[in-house]
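In each ligand, atom 1 is the first atom listed, and ligand 1 is the first ligand listed. The structure presented is a predicted model; accordingly, all values stated were derived computationally and were not measured.
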Amino acid sequence: MQSKSIETLSTDLHAPLSKHEAYVESDRCYFCHDAPCITACPTGIDIPLFIRQINTDNPHGSAKTIFDENIFGGMCARVCPTETLCEQACVRTTAEDRPVKIGELQRYATDALMKTGMHPYTAASSSGKRVAVIGAGPAGLSCAHRLALNGHAVTVFDALPKPGGLNEYGIAAYKTVDNFAQREVEYILSIGGIDVMYGQSLGKDLSLSSLKQDYDAVFLGVGLGAVNESGLDGADAKGIEDAVEFIARLRQSPESSIQVGRNVIVIGGGMTAIDAAVQSKVLGAENVTVVYRRSQENMNASDFEQALAQTNGVLLKTQMQPKQLHVENGAISALEFDYTHSEGGALSTTGETTTMQCDHLLMAIGQTLAQQVSEFGLTLKSNRIDVDENQRTSDSKIWAGGDCASNGEDLTVAAVQAGKLAAESIHKALAGSNATSR
Ligand SMILES: Cc1cc2nc3c(=O)[nH]c(=O)nc-3n(C[C@H](O)[C@H](O)[C@H](O)COP(=O)(O)OP(=O)(O)OC[C@H]3O[C@@H](n4cnc5c(N)ncnc54)[C@H](O)[C@@H]3O)c2cc1C
Ligand code: SF4
């Protein structure tokens, strides 16, 4: 096992833009009428407007434009896969040109306002209504903030001791340095009118029926609390762990040293797999290989993430799936793979196999709804909580959004939008159809 100080993980992926760089980059925007980037952003931020505000030396006004649609604009600027969202739609995306750096400009503006500590919103006068929000992740806190803005008293309950959800426990350290996740939560809560209760787990310490009695509405933003099983014999051997738990451990151990194997294999093809692999390499692993069962084009990780892995010395191997674990003295020593072949979406094995040495295996094969959430009695769709276009569940007093909901996209920005939409719908339901939203 190799180990290195966690400090080596805390180097910012992109250095923040200077004032001059932000001005030059903002000058590249054509300020399109009907700008396609606005529709490509799941939260619908008025991107040309905020870029123009940077260009006219008004970064605080620019941040307000961003926060009006996305109160997690600071985190999204750091973690959105912009190359598949807003920047992909930029009209400057041609072979000879490159898109405007929307994410980096968004970070420049939001950092500028957050640094002042000024919160651009105040809670409306009390509506007399109380809403319970379960989960202090991006979906829950986005919902809570919009509800407070409209004057509703909000209590957020979270099972863990810290707020932020996967912003705090999941996103790679190099994307969110300097304790940004906690600073952002403090900033969001500074609107007032939101109480947060930690160590309160729905299904254990709280019941849905009592919340329904005590509050006028309930929002569930509980994410995906369980992981998919590999189904391999010996999966409990030493050296095998879930990639999300590995990353959570890294994020929560600022002073200690984290152990990583010499030959690390990560199974999966999404952002979690790439984050776990890059962090293993930075921590000092000699060989890190991401193994994915389909082709490279099918990987959920974006081209940028894949390139990031490769430039950090991570090997990507595709069309291979785990067949058998080799365990010696209770610890993993090697992993045997089947080669695979895809045809018309169907995956089959070719009959050939290969074996790779491995002393640390990280499984990044997806998360799933926690068992206790699936037992709440709400209608499920593809094992997530079924919601309509307003994020309302099969129970008219309960809304849900983010990763746990049927329209969840496993992206921070999508969770923020779902929380915002749910808050608007709850506000309408509580204040009547003539309700105006701020
Ligand atoms: C390793 C990893 C890396 C990622 N990287 C990126 C990235 O770079 N960019 C990106 O856009 N997305 C990324 N994602 C996805 C993104 O983090 C999620 O889509 C987003 O956090 C979902 O927000 P959420 O609020 O729905 O859920 P979560 O962030 O999971 O928050 C759920 C909250 O609910 C609480 N909770 C759960 N169950 C209960 C209960 N029973 N009672 C009380 N509280 C409960 C949890 O403690 C948690 O605080 C990544 C995900 C992972 C796992
Ligand atoms: S929130 Fe994300 S997708 Fe939307 S404009 Fe900002 S960086 Fe782009």
Which heavy atom of the protein is the closest neighbour of [atom], given with residue, atom name and distance?
{"atom": "atom 2 (C) of ligand 1", "result": "Thr272 OG1, 3.5 Å"}
{"atom": "atom 27 (O) of ligand 1", "result": "Gly223 CA, 3.6 Å"}
{"atom": "atom 47 (O) of ligand 1", "result": "Asp158 OD1, 2.7 Å"}
{"atom": "atom 37 (C) of ligand 1", "result": "Val222 O, 3.1 Å"}
{"atom": "atom 15 (C) of ligand 1", "result": "Asp410 O, 3.4 Å"}
{"atom": "atom 28 (P) of ligand 1", "result": "Leu166 N, 3.9 Å"}
{"atom": "atom 8 (O) of ligand 1", "result": "Lys175 NZ, 2.8 Å"}
{"atom": "atom 3 (C) of ligand 1", "result": "Asp275 OD2, 3.5 Å"}

Is it true that [Y] and [X] share a donor-acceptor pair across their side chains at a distance under 3.5 Å?
{"X": "Asp68", "Y": "Tyr121", "value": "yes"}
{"X": "Lys64", "Y": "Gln53", "value": "no"}
{"X": "Asn263", "Y": "Asp359", "value": "no"}
{"X": "Ser62", "Y": "Thr65", "value": "no"}
{"X": "Asn390", "Y": "Ser425", "value": "no"}
{"X": "Asp410", "Y": "Gln367", "value": "no"}
{"X": "Thr272", "Y": "Asp275", "value": "no"}
{"X": "Gln417", "Y": "Glu69", "value": "no"}

Self-check item: Lys212 backbone acceptor or donor facing Lys397 side chain under 3.5 Å
Solution: yes
Quiz item: Are any side-chain N or O atoms of Asn70 and backbone N or O atoms of Ile66, one a donor and one an acceptor, separated by less than 3.5 Å?
Solution: no
Run the numbers for me: atoms of ligand 1, each under 4.0 Å from some heavy atom of [X], listed by number.
{"X": "Gln367", "value": "53 (C)"}
{"X": "Met271", "value": "5 (N), 6 (C), 7 (C), 8 (O), 9 (N), 10 (C), 12 (N), 13 (C)"}
{"X": "Gly165", "value": "29 (O), 31 (O), 48 (C), 49 (O)"}
{"X": "Ile134", "value": "42 (N), 43 (C)"}
{"X": "Gln372", "value": "41 (N)"}
{"X": "Leu202", "value": "40 (C), 41 (N), 42 (N), 43 (C)"}

Is it true that [X] lies under 4.0 Å from ligand 1, counting heavy atoms only?
{"X": "Pro138", "value": "yes"}
{"X": "Lys204", "value": "no"}
{"X": "Gln200", "value": "yes"}

Quiz prompt | Verdict with reasoning, Val387 to Arg392, per side chain to side chain contact (heavy atoms under 4.5 Å, CB included) | solution = CA-CA 5 Å; Val387 291; Arg392 210 168 190 159; over 6 Å; no
Practice problem: Report yes if the side chains of Ile247 and Gln279 come closer than 4.5 Å at any heavy-atom pair, otherwise no. | Solution: yes
Less than 3.5 Å between some nitrogen or oxygen of [X] and one of ligand 1, yes or no?
{"X": "Cys404", "value": "no"}
{"X": "Ala159", "value": "yes"}
{"X": "Thr412", "value": "yes"}
{"X": "Leu411", "value": "yes"}

Quiz item: Between Gly221, Gly419, Gly366, which one has a non-hydrogen atom sitting closest to atom 33 (C) of ligand 1?
Solution: Gly221
Practice problem: Ignoring hydrogens, just give me the one of Ile171, Val79, Asp403, Leu160 whose non-hydrogen atom is nearest atom 13 (C) of ligand 1. | Solution: Ile171
Quiz item: If you count the atoms of ligand 2 from 1 in the order shown, which ones are under 4.0 Å from a heavy atom of Ile47?
Solution: 5 (S)
Quiz prompt | Centroid separation Phe67 to His60 less than 6.0 Å | solution = no
Self-check item: ligand 1 versus Glu409: contacting region, heavy-atom distance under 4.0 Å
Solution: neither
Exercise. Identify whether NZ of Lys or CZ of Arg in Arg130 sits under 6.0 Å from the centre of the six-membered ring of Tyr215 and within 45° of that ring's axis.
Key: yes
Quiz item: Is a salt bridge present between Asp57 and Lys19, judged by a nitrogen-to-oxygen distance below 4.0 Å?
Solution: yes
Quiz item: In chain order, what residues pass the side-chain contact (heavy atoms from CB on, under 4.5 Å) check against Pro163, with sequence neighbours excluded?
Solution: Ala136, Gln182, Val185, Tyr198
Quiz prompt | Spacing of His152 atom NE2 and Cys143 atom SG [to the nearest 0.5 Å] | solution = 10.0 Å
Practice problem: Give the total of protein N/O/S atoms at a distance below 2.8 Å from atom 2 (Fe) of ligand 2. | Solution: 1
Quiz item: Which pair of heavy atoms, one from Thr82 and one from Gly103, lies closest together, and at what distance?
Solution: CG2-CA, 4.1 Å
